[in-house]
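Below: one structure, written as structure tokens.
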Amino acid sequence: MINITLPDGSIKHFDDTPKGMDIALSISEGFARNCVALEMDGALLDLNQPIEKDAMVRLLTVKDEESLEIMRHSAAHVMAQAVMRLYPEAKLTIGPVVEDGFYYDIDMAPVSEEDFPKIEEEMKKIVNEKVPFIRRMVSKDDALHFFKDDPYKQELISELQDGTISLYQQGDFTDLCRGPHVPHTGMIKSFKLMKVSGAYWRADQTRAQLQRIYGTAYFDKKELASYLHILEEARKRDHRRLGVQFDLFSFHDVAPGMPFFHAKGMAIWNALLDYWREEHRAAGYVETKTPIMLDRNLWEKSGHWENYRENMYTSTIDDFDYAIKPMNCPGGMLLYGTRRHSYKDLPIRAGEIGLVHRHELSGALSGLFRVRAFHQDDAHIFMMPDQIQEEILGVLRLVDRIYSTFDLGFHLELSTRPVKSIGTDAAWDMATHGLKSALNAYGKDYVINEGDGAFYGPKIDIHIKDAIGRTWQCGTIQLDMSLPERFDLSYIGKDNEKHRPVMIHRVIYGSVERFFGILIEHYAGKFPLWMAPVQAVILPMNDDLIDYSEQIRKDLEKSGLRIDMDARTESLKKKVREAQIQHIPLIITLGEKEKESGTLSVRTLDGTVRYGISQKDLLEKALTHIRSRRSDLIQV
RNA sequence: GCCGAUGUAACUCAGCUGGUAGAGUAGCUGAUUCGUAAUCAGCAAGCCAACGGUUCGAUUCCGUUCAUCGGCUCCA
């Protein structure tokens, strides 16, 4: 007899070894229909697998989080089966679940999205057949024999530990798989193939190029529809699209990956940097600037010539080799080295909005998110070892303050010493401990990525989360144990001896260009007043009011507003509509009534209109809102 | 860089199997002088990404290059 304990504490008794499905059926048939898999002793199992001993069991239904992944994995198998039916020559490799669905890497002739309908049609047939997923345990030799025609599966199997290997069969199709799977293919109700791309076997460029077919699946048609809707929303707020629509920036074939910023884009850019400078001044930073083109000797000294050469733009002038900087640090080292430093000078916090160029692979370029020329809001902090914790903490607090201004949440990740690294154990311990104690003092949870640090030191990466839930790594704090050494930096300590300072690189926006792009999508083009390229627009009611309007416009502009006038002979309706579409936060209309009373009518982006506002009141409200850099809509 | 897709007016996009191009928006001109999300009419606008090839003839077919997009890889 087998006793099964359910999460609510109730115990079910079975005479022989029950399967998960039997347990589910013992509760009710309707419940069983929604069951996907079960959890026993922390492991996930199929409902078709017999349970041979007393156990605590949790049945997973379509409502449980883990179920979606299980079903998507099953969907990948169904897709593989459909592909094999249509393309018998194809060789399967791996088909995992990813964040928004699943994919399967298949060695086959290139397919395109045009082939999706017929694959989806075939998948539908398989789903409608409601064939069960059957788990089979075989020996390694049997598995190798079974997949004798598929070199990829052979490779995978031969890497598995000896012992029994599980295969899953649905109808005429069998795949190597750890499982678990849903009970039958009928549970894969709503799915869609999303895209196809090339991928290398084992992500190795020297190996076979496979077709990676992406799909997604949900238990509910509505959920799939809502996912597709979110994709559509993301597409609508795509910064490349909005960049054209709002006249912010452009790209040109003569300089791929190097953005051109238009007047409106620069208004936002300057607002971002004004804010950055204000915060950094307050946090005790000074600002520096170093040239973008430097002699090869410097890059040899810093190690970039050896390690980063393929990403650098180089040039020969008067028989000397130069490189355009891909990073600001070597210049920063030279600045530190221009004079002697006392321990009393430390820490030195030297910021630099540095323009760097990196020759990224052409296929990697993507709008402002991945460019070849960009500005880093860099800073190098030079300090004594016992200042590490306090300095890192200071950076974390600055990061918090700045991201909060944009309503961006964030999380932290600490990366520790990689296998290939320089420096002594003692130095790494000291550095890693410094970062950890700062993180602990800061008090926010963080993830540890063991062995993911740079070869020259450990780092803290800061990942932000935007308005539609996507995460981006922007900020990073990297402790550098290499450059101070290479540049022989020193300070004179209390003991009147030379000591090596500790140095960190850190960025908060990361790449100003990319951060800009993220903000465009985060706000969907509806920038807070303080960032808005055009903060206000004046709409004269008719041509006779143009002179008066221009006078008001100039007054407001003098007070510090970025303000335009739309003097076209168009209907007010049309001008209001266009101002709304441009997301101009303050839309000021001027008619005879306003001229007589010397007031303004102001429409805000929430659609409300206030009449009889005095110029003074409007300015006061607007300027206060701007100065405090509020992110909510202004109301007057 | 690799795989796949795409490249037509300033923007968004039509253009079946080859016979040198259209729409909406924007622009310009004219009329309308308007009270809070699109007034009307007309005009102009394109070396159909570039370069080769096939053809009597290429935006259309083929090749190469460039750029863009989705992935791979890499990363701020």
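Below, each value reflects all heavy atoms present in this structure, side chains not excepted, and no hydrogens, waters or symmetry copies. Chain A is the first sequence line, chain B the second, and so forth, proteins listed ahead of strands; every chain is numbered from 1.
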Report the distance from atom CZ of A/Arg240 to atom P of B/A67, rounded to the nearest whole Å.
16 Å
Base-pairing assignment for B/A45 (Watson-Crick or G-U wobble, both under 3.5 Å):
none
Can you tell which of B/G1, B/U33, B/U39 lies closest to the side chain of A/Lys574?
B/U39
Just do the side chain to side chain donor-acceptor pair (under 3.5 Å) check on A/Glu310 and A/His359 with the steps written out, would you?
CA-CA 8 Å; A/Glu310 68 278 14; A/His359 188 77; over 6 Å; no
Whole-Å P distance, B/G30 and B/U17:
44 Å
Rounded to the nearest Å, what distance is computed from the NZ atom of residue A/Lys325 to the P atom of nucleotide B/A76?
16 Å
In the strands shown, is B/U20 matched to any nucleotide by a Watson-Crick or G-U wobble pair with both distances under 3.5 Å, and which?
none
So, under a plain 3.5 Å distance rule, would you say the side chain of A/Ser571 forms a donor-acceptor pair with the base of B/U39?
no
Cationic N near anionic O, under 4.0 Å, A/Glu578 to A/Arg568
yes
Protein-nucleotide distance (A/Glu570, atom CD; B/A41, atom C1'), rounded to Å:
13 Å
Rounding to a whole Å, what distance do you find between A/Leu361:CG and B/A76:P?
14 Å
Ring centres under 6.0 angstrom apart (A/Phe260, A/His252):
yes
Pair assignment for B/G70, Watson-Crick or G-U wobble, requiring both distances under 3.5 Å:
B/C3
Just how far, in rounded Å, is C1' of B/A76 from CH2 of A/Trp276?
15 Å
Answer yes or no as to whether B/G71 has its base stacked against A/Tyr214, where stacking requires a ring-centre separation under 5.5 angstrom and planes under 30 degrees apart.
no
Between A/Thr476 and B/A76, is there a contact of a side-chain N or O with OP1 or OP2 at under 4.0 Å?
no
Could you tell me whether A/Glu550 and A/Arg553 have a side-chain N and a carboxylate O separated by less than 4.0 Å?
yes
Assess whether one donor atom and one acceptor atom, taken from the side chain of A/Arg370 and the base of B/C74, lie less than 3.5 Å apart.
yes
Taking the six-membered ring for Trp, are A/Tyr403 and A/Phe410 parallel (under 30°), tilted (30 to 60°) or perpendicular (over 60°)?
perpendicular
On RNA chain B, compare the nucleotides closest to A/Val507 and A/Pro256; which residue's is nearer the 5' end?
A/Pro256
Rounded to whole angstroms, how far apart are CH2 on A/Trp201 and P on B/G71?
22 Å
Classify the nucleic acid contact of A/Leu539 as base, sugar-phosphate or nothing, counting any heavy atom under 4.0 Å across all strands shown.
nothing
Separation of the C1' atoms in B/C48 and B/U8, to the nearest angstrom
4 Å
Does B/A38 have a Watson-Crick or wobble mate here (both distances under 3.5 Å), and if so which one?
none
Look at the side chain of A/Gln582 and the base of B/A37, then say whether one donor and one acceptor between them are separated by less than 3.5 Å.
no
A/Arg72 to A/Tyr218, cation-pi by 6.0 Å centre distance and 45° axis angle
yes
Rounded distance in Å between the C1' positions of B/G57 and B/G18:
8 Å
Which base, if any, makes a Watson-Crick or G-U wobble pair with B/A10, both distances under 3.5 Å?
B/U25
If I pick the C1' atom on B/U68 and the same atom on B/U29, what distance separates them, to the nearest angstrom?
36 Å
Is it the case that A/Arg212 places NZ or CZ above or below the six-membered ring of A/Tyr103, under 6.0 angstrom from the centre and within 45 degrees of the axis?
yes
Between B/U32 and B/A45, how far apart are the two C1' atoms, rounded to whole Å?
25 Å
Using the P atom as the point on both nucleotides, what is the distance between B/U60 and B/C51, in whole Å?
12 Å
Mind calculating the distance between CG (A/Asp247) and P (B/A26) to the nearest angstrom?
16 Å
Any base atoms under 4.0 Å from A/Gly517, or only sugar-phosphate, or nothing? Heavy atoms, all strands.
nothing
Less than 4.0 angstrom between a side-chain N/O of A/Lys573 and OP1 or OP2 of B/U36, yes or no?
no
Determine: side-chain N/O of A/Arg603 to OP1/OP2 of B/A37, distance under 4.0 Å, yes or no.
yes
Need one value for A/Val371: base, sugar-phosphate or nothing, where a base atom within 4.0 Å counts as base even if backbone is also close, heavy atoms only.
base
Base, sugar-phosphate, or nothing: which does A/Gln245 touch, judged by heavy atoms less than 4.0 Å apart?
nothing
By the Watson-Crick or G-U definition, both distances under 3.5 Å, B/U59 is matched with none
Mind checking the C1' distance from B/U73 to B/A37? Whole angstroms is fine.
46 Å
Which nucleotide in B/A76, B/U36, B/U33 has an atom nearest any side-chain atom of A/Asn542:
B/U33
With rounding to whole Å, what would you report as the distance between B/C13 and B/A49 at their P atoms?
15 Å
Does any N or O donor sit under 3.5 Å from an N or O acceptor when you compare the side chain of A/Glu594 with the base of B/G35?
yes
Aromatic plane relationship, A/His411 with A/His463 - under 30° parallel, 30 to 60° tilted, over 60° perpendicular:
parallel
Measure CE/A/Met108 against C1'/B/G4 and give the value in whole Å, please.
13 Å
Along RNA chain B (nearest heavy atom to each residue), the more 5'-positioned of A/Arg241 and A/Gly257
A/Arg241
